[in-house]
Peer 1: 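Quick one: this structure, given as structure tokens, is what I'll be asking you about.
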2 protein chains.
Amino acid sequence: MSRPLTARQQHVFDFIVKTMGEFGYPPTRAEIAKALGFRSPNAAEEHLRALERKGAIRIIRNTSRGIRLPNQEPQELVDSTASALPAANIEASPAGLPVIGEVAAGSPILAAEHIDRYCPLPAEYFTPKADYLLRVRGLSMKDIGILEGDLLAVHRTERVRDGQIVVARLDDEVTVKRFKRQGHQVTLFAENADFAPIEIDLRSQSLDIEGVGVGVIRGGNGQALG
Amino acid sequence: MSRPLTARQQHVFDFIVKTMGEFGYPPTRAEIAKALGFRSPNAAEEHLRALERKGAIRIIRNTSRGIRLPNQEPQELVDSTASALPAANIEASPAGLPVIGEVAAGSPILAAEHIDRYCPLPAEYFTPKADYLLRVRGLSMKDIGILEGDLLAVHRTERVRDGQIVVARLDDEVTVKRFKRQGHQVTLFAENADFAPIEIDLRSQSLDIEGVGVGVIRGGNGQALG
DNA sequence: TCGATAAGTGGTTAAGTATACAGTATGTTC
DNA sequence: GAACATACTGTATACTTAACCACTTATCGA
């Protein structure tokens, strides 16, 4: 899948490695452009994207100096496991579970423009089956181990029971909470003492249930642990 | 000449070290404030200045993430005792990543009798690649969202850096902790206020590093969420 | 000759970020 | 008890940076 780097891409990559070794942090687009003699930071931007496509680096979106080397890991001079992955037949799986990032207000969750990428895991790995993975924002569920950036595996359904972790849409905002209902009164509990429960009266407010949480994945595709 | 750091300053410094080890770049003021619970980024700014006055860090002005550690030693090799575990290697199976449950004292982790089942996820989904999944016992890492029963994706290596989540073998017991080393002294931190850090003197005690944590999976194959 | 990819220029915009200023509160030191 | 350092909250501003759009040039294989 990943072709070798072009000469120019290699120059950019080398500069990133050099900068990180020298300064302890990765370069900005402008710094790359200056070092390589570009007049526009956009040239650097496009090289970075090419490098990411080819798996040489990972870009953390909306983050200054958000460049990571996959082999951030100390290099093993002699790879004891002798795996030395050939990278030849690591083809991207055709399908897998779609990963949903930002959800624009008013639009359905499973719209193509929300799909960041795919996670090569069968839907049936979770029970009930997962329909998509939702990238979690905020720390409102941290006490049960659901952190910012985690992927929440979601089973689409509107039928939920008390105590389940639900993905709900409230005032066009998508949120993950623990569900409880008493008559027409629904309470959405955060699992974090800093967040107050949300009370909804179904007679006066609308609440859409998008699904229930059935699993969590963290660390895939470069997201960090800890 | 420079006075020792105060406790709070040490916290800030530790967070900087941890962030650099983990992400490859230093934190912003806002990230420090969030991590330490400050409501204002200015609190972080003033701590950084104090750290610079005391020589613990250097600040590059007008530069995002412009923090440098004077002792720029990126990677550290732990192990002095050269554990040399007998590569009891389970081949990368077409079935996916092996899930390791209980690990009997004295036996290598990747022994066939420990394998519960397989998780159908490619090793390369994580970076660096995962070699196996370890079922976590106990709540010592709950503050970073690693709970009892979770599967920790582990990359086999003995080379670890400060701040990483490691799988270590201490007195024939396998444990997951955050790693920190200063000379002969290794500290394994739990991420849970109820657990005290574990101090190891490499001159008198043996510590084997089995690998580093690269991801977490919860909820697969029937395990419940929340 | 067409289409795709690489490698740029040039400019815009919104978000990320460093940093200044004005306070409050609590210690420790002389 | 005044002087000073630590440890913050809160607000504001300007610079830094990522990311987008429109466009150009050149190369390569079908």
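Order of the sequence lines sets the chain letters (A, B, ...), proteins ahead of strands, with each chain counted from 1.
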Peer 1: Is it the case that the side chain of B:D201 and the backbone of B:Q185 share a donor-acceptor pair, with hydrogens and angles ignored and the cut-off at 3.5 Å?
Peer 2: no
Peer 1: Near DNA chain C, under 4.0 Å by heavy atom, which residues of residues 28-42 of chain A?
Peer 2: A:F38, A:R39, A:S40, A:N42
Peer 1: C:dT17 C1' sits how many Å from B:N62 CG, rounded?
Peer 2: 11 Å
Peer 1: Do A:L170 and A:L188 touch side chain to side chain, with heavy atoms closer than 4.5 Å?
Peer 2: yes
Peer 1: So does A:E199 have more than 12 non-hydrogen atoms from other groups sitting under 6.0 Å from CD?
Peer 2: yes
Peer 1: Between B:A7 and A:R61, name the one whose nearest nucleotide on DNA chain D is closer to the 5' end.
Peer 2: B:A7
Peer 1: Is the phosphate of D:dT6, meaning OP1 or OP2, less than 4.0 Å from a side-chain N or O of B:H47?
Peer 2: no
Peer 1: Can you tell me how far C1' of C:dT19 sits from CD1 of B:I59, to the nearest Å?
Peer 2: 11 Å
Peer 1: Would you classify B:E46 as touching base, sugar-phosphate or nothing, given that sugar-phosphate means primed atoms plus P, OP1 and OP2, and contacts are heavy atoms under 4.0 Å?
Peer 2: base
Peer 1: Go along nucleotides 25-30 of chain D 5' to 3' and tag each nucleotide: B for a protein heavy atom under 4.0 Å from its base, S when only backbone or sugar atoms are that close, - otherwise.
Peer 2: ------
Peer 1: Might you point out which heavy atoms bring B:R8 and B:L36 nearest each other, and give the distance in Å?
Peer 2: NH2-O, 3.3 Å
Peer 1: Do NZ/NE/NH1/NH2 and the carboxylate oxygens of A:K129 and A:E124 come within less than 4.0 Å?
Peer 2: no
Peer 1: For A:R65 and A:T28, test the side chains for any donor-to-acceptor distance below 3.5 angstrom and give the result as yes or no.
Peer 2: no
Peer 1: Quickly work out the B:E45 CD to C:dC21 P distance and round it to whole Å.
Peer 2: 12 Å
Peer 1: Could you state the atom-to-atom distance from NE2 of A:H11 to P of C:dA7 in whole Å?
Peer 2: 10 Å
Peer 1: Between B:D150 and B:I217 (side chain of the first, backbone of the second, donor and acceptor by atom type, cut-off under 3.5 Å), is there such a pair?
Peer 2: no
